[in-house]
Structure formats: structure tokens, C-alpha cells
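Read the structure below first, then the notes.
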Amino acid sequence: MIKIFGTIEKIFPTEIKGNGFEKRIFWLKDNDEKFPNTFQLECWKADTPMLDSYSVGDKVTCYIDLKGKLFPGRDGEDKVTNSMKCWNIEKEGKTWKKML
């Protein structure tokens with residue numbers, strides 16, 4: 001688990017892939033650095049509605065898992081893709097909790 005702090009820069013609509021997999025992307029800008037970074041984070045499946053409670057400009061803490069997948073490339077060489085899966089967001093002491 002990794003915890004990062006920042007400001008939400010952009011929230012994209014939920015994408016539904018061909019197999020029914022839901023993913024929602026948002027950008028988080030790290031304001032603590034001399035040269036700020038912007039990260040692309042993803043919410044998956046039941047976590048996608050979590051972003052409905054947040055807006056661009058909100059200062060938040062995001063809890064993420066770094067995910068990686070090895071797959072065969074079209075050129076015959078193996079490839080790796082990485083993603084940062086966000087599973088919880090906190091704003092000003094408030095925590096979004098998944099409905100079970």
C-alpha cells in the first residue's frame with residue numbers, strides 16, 4: 001500500500017471494457033515537490049463511484065496499490081504494463097467507504 005497526497009487535476013468518466021470490467025481514471029498533482037508530478041490513478045470495479053464524491057481542485061490523500069502485468073507484445077517480445085490502483089480517498093478527514 002502506498003499513500004500519496006495531492007490535488008485532483010481531472011476526473012474522467014467510467015470506462016466499461018468489452019468484458020464488463022469498469023475502470024475510472026483521474027489525475028492527481030503532487031504539490032509537495034519543487035517540480036510537481038502528476039500521476040494517473042485508476043479506480044476499478046466497485047471503487048469507480050468513489051470519485052463521484054470528489055471534484056477537481058480537492059486536496060486529498062489517496063491509498064493505492066501498484067499493479068503490473070506481463071503480456072506478449074505484437075512484435076513477439078514480452079511487455080509490461082503498470083497501473084496505480086486507488087482503493088480509498090480521504091479529504092479533510094472524511095473517508096469514502098465502500099458499500100459492502
Side-chain angles (χ1 to χ4, degrees):
M1 189 254 328
I2 301 168
K3 183 164 57 169
I4 59 175
F5 310 92
T7 303
I8 295 176
E9 290 288 308
K10 187 163 185 166
I11 300 172
F12 294 87
T14 300
E15 300 174 33
I16 301 175
K17 302 297 181 180
N19 59 0
F21 178 79
E22 291 185 25
K23 175 172 84 169
R24 193 163 183 193
I25 294 171
F26 68 104
W27 294 346
L28 186 75
K29 184 176 180 181
D30 176 4
N31 298 324
D32 292 336
E33 298 289 328
K34 180 178 179 181
F35 302 102
N37 295 295
T38 299
F39 301 101
Q40 179 169 294
L41 305 179
E42 300 178 355
C43 296
W44 297 353
K45 302 178 185 175
D47 291 335
T48 58
M50 172 171 47
L51 289 167
D52 293 338
S53 300
Y54 298 92
S55 302
V56 170
D58 286 347
K59 294 182 187 309
V60 297
T61 301
C62 294
Y63 297 84
I64 63 171
D65 292 329
L66 185 59
K67 301 289 188 177
K69 184 176 183 178
L70 177 69
F71 64 96
R74 293 182 185 184
D75 60 2
E77 295 289 322
D78 286 342
K79 308 285 182 191
V80 173
T81 183
N82 297 311
S83 61
M84 294 189 286
K85 179 186 178 287
C86 180
W87 51 270
N88 195 22
I89 301 175
E90 293 178 352
K91 176 185 171 187
E92 301 172 4
K94 296 179 182 175
T95 304
W96 181 88
K97 293 187 179 177
K98 202 181 328 187
M99 301 297 284
L100 300 176

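We number each residue from 1, following the sequence as shown.
Under the side-chain hydrogen bond (donor to acceptor under 3.5 Å, both in side chains) criterion, Thr7 pairs with Asn31, not counting sequence neighbours. With sequence neighbours left out, the ring pair (Phe, Tyr, Trp, His ring centres under 6.0 Å) criterion links Tyr63 to Trp87. Applying the salt bridge (Lys or Arg N to Asp or Glu O under 4.0 Å) criterion to Asp65, with sequence neighbours excluded, gives no partner residue. Residues forming a side-chain hydrogen bond (donor to acceptor under 3.5 Å, both in side chains) with Gln40 (at least two apart in sequence, or on another chain): Trp27. For Asp58, the side-chain contact (heavy atoms from CB on, under 4.5 Å) test picks out Ile8, Tyr54, Ser55, Val60, Lys91, with sequence neighbours left out.
Connection of Ile89 to Leu66 is established within a shared hydrophobic cluster, with ILVMFWY side chains joined at heavy-atom distances below 4.5 Å, either directly or through further cluster members. The hydrophobic clustering, which links ILVMFWY residues whose side-chain heavy atoms are closer than 4.5 Å, places Phe5 and Ile2 apart.
Residues Arg24 and Ile11 are in side-chain contact: their nearest non-hydrogen atoms beyond the backbone lie under 4.5 Å apart. Counting heavy atoms from C-beta on, the side chains of Ile64 and Ile4 come closer than 4.5 Å. Side-chain contact between Cys62 and Phe26 is present, with heavy atoms from C-beta onward closer than 4.5 Å.
Looking at every heavy atom in both residues, Thr48 comes nearest to Glu22 through OG1-OE1, 3.5 Å. Smallest separation of non-hydrogen atoms from Cys43 and Leu51: SG-CD1, 3.9 Å.
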Which donor-acceptor pairs under 3.5 Å do the side chains of residues 67-84 make with protein atoms, sequence neighbours left out?
{"from": "Asp75", "atom 1": "OD1", "to": "Glu77", "atom 2": "N", "distance (Å)": "2.9"}
{"from": "Asp75", "atom 1": "OD2", "to": "Lys79", "atom 2": "NZ", "distance (Å)": "3.2"}

Sequence neighbours left out, cut at 3.5 Å: what donor-acceptor pairs do the side chains of residues 14-21 make with other protein atoms?
{"from": "Glu15", "atom 1": "OE1", "to": "Lys17", "atom 2": "NZ", "distance (Å)": "2.9"}
{"from": "Asn19", "atom 1": "OD1", "to": "Phe21", "atom 2": "N", "distance (Å)": "3.1"}

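Here OG1 of Thr61 is found 6.5 Å from NZ of Lys3. Values are rounded to the nearest 0.5 Å.
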